[in-house]
Amino acid sequence: MKYSAVLLLLPMLGLVACKPQAVEPAASAETSPAPAAEVAAVDDYPAVLQAAGTEPFWGVRVDGAALAYTTPDTQQNPRHFVGVRELHDGLLRVQGGEGGNAFRLTLKREPCSDGMSDLTHPYTAEFVLGAETLRGCARDPALPVEAP
């Protein structure tokens, strides 16, 4: 009788041992990078960029597909835009809005001088807001600016 009880338990133990084990996901940094990192990987431009121009002075901070536009008068209160970020023929474009609120920031991988300093930036920038077109340079704010 002892042996028959053991023989009945053996197949059940085998089934428990064959139960699929839950697979724990790897560290989140390896499997799901931050959204900004995904954007950079997709279009090969840094997710965060700073574009600026002179005469008139303006600036646009890019964070993924979100833009913060400033002028000397609006430093404390930038205009915010959210658009579509895409790579087209090697150019990075973030664009959206309609009519007078339509905007488009275009960056090109090309050395750029702002005309006022001796610094070289890695990208040219063009920001169109409504009927106004502004030109300047752009860079990754996490990296130092290069002197010529």
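None of the values given here were measured: they were computed from a predicted structure. Positions are given from 1, in the same order as the sequence printed here.
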Return the minimal non-hydrogen interatomic distance between P122 and R139, and the atom names on each side.
CD-CB, 3.8 Å

Cluster question for you: counting only ILVMFWY and a side-chain heavy-atom cut-off of under 4.5 Å, with indirect links fine, are V82 and L49 together?
no

side-chain contact (heavy atoms from CB on, under 4.5 Å) between L107 and T124: does it pass, once the steps are laid out?
CA-CA 6 Å; L107 301 179; T124 59; over 6 Å; no

Using the test side-chain hydrogen bond (donor to acceptor under 3.5 Å, both in side chains), find all partners of T71 that sit at least two apart in sequence or belong to another chain.
T74

Just grab all the disulfide (SG to SG under 2.5 Å) pairs involving residues 65-128, residues at least two apart or on different chains.
C112-C137

Shortest non-hydrogen contact from T70 to P78?
CG2-CB, 3.4 Å

Once disulfide (SG to SG under 2.5 Å) is applied, what residue pairs with a partner in residues 71-109 remain, sequence neighbours excluded?
none

Using a 4.5 Å cut-off on heavy atoms from C-beta on, say whether the side chain of T106 contacts that of R135.
no

For F57, what are the other residues in its hydrophobic cluster, where any two members join if their side-chain heavy atoms are less than 4.5 angstrom apart?
M116

For Y123 and D140 the tightest heavy-atom approach is CE1-N, 4.5 Å

Minimum heavy-atom separation for G64 to R85, with atom names?
O-NH1, 2.9 Å

Just wondering, more than 12 heavy atoms not from E55 lying within 6.0 Å of its CD?
no

Any side-chain heavy atom of L129 within less than 4.5 Å of one from L134?
no

Can you list everything that forms a salt bridge (Lys or Arg N to Asp or Glu O under 4.0 Å) with R104? Sequence neighbours excluded, please.
E126

May I ask you to establish whether R61 and Y69 are in a cation-pi arrangement, using a distance under 6.0 Å from NZ or CZ to the six-membered ring centre and at most 45° from the ring axis?
no

So, using side chain to side chain contact (heavy atoms under 4.5 Å, CB included) as the criterion, who are the partners of S113 when residues are at least two apart?
none

Within the structure provided, determine whether N101 and R79 are in side-chain contact (heavy-atom separation under 4.5 Å).
yes

Note: Q50 and V60 closest approach over all heavy atoms is NE2-O, 3.4 Å

Residue pairs passing the salt bridge (Lys or Arg N to Asp or Glu O under 4.0 Å) test with at least one member in residues 92-102, sequence neighbours excluded, are none

Listed partners of T54 passing side-chain hydrogen bond (donor to acceptor under 3.5 Å, both in side chains), at least two apart:
none

Would you please name every residue forming a side-chain hydrogen bond (donor to acceptor under 3.5 Å, both in side chains) with Q95, sequence neighbours left out?
E86

Please list all pairs passing the ring pair (Phe, Tyr, Trp, His ring centres under 6.0 Å) test where one or both residues lie in residues 79-112, with sequence neighbours left out.
F81-F103

Given side-chain contact (heavy atoms from CB on, under 4.5 Å), test V84 with V94 step by step and report yes or no.
CA-CA 5 Å; V84 175; V94 180; over 6 Å; no

Applying side-chain contact (heavy atoms from CB on, under 4.5 Å), run through L67 and F127 and close with a yes or a no.
CA-CA 11 Å; L67 305 180; F127 184 57; 4.0 Å; yes

Please check this pair: side chain of D63 against backbone of A66, looking for a donor-acceptor N/O pair closer than 3.5 Å.
no

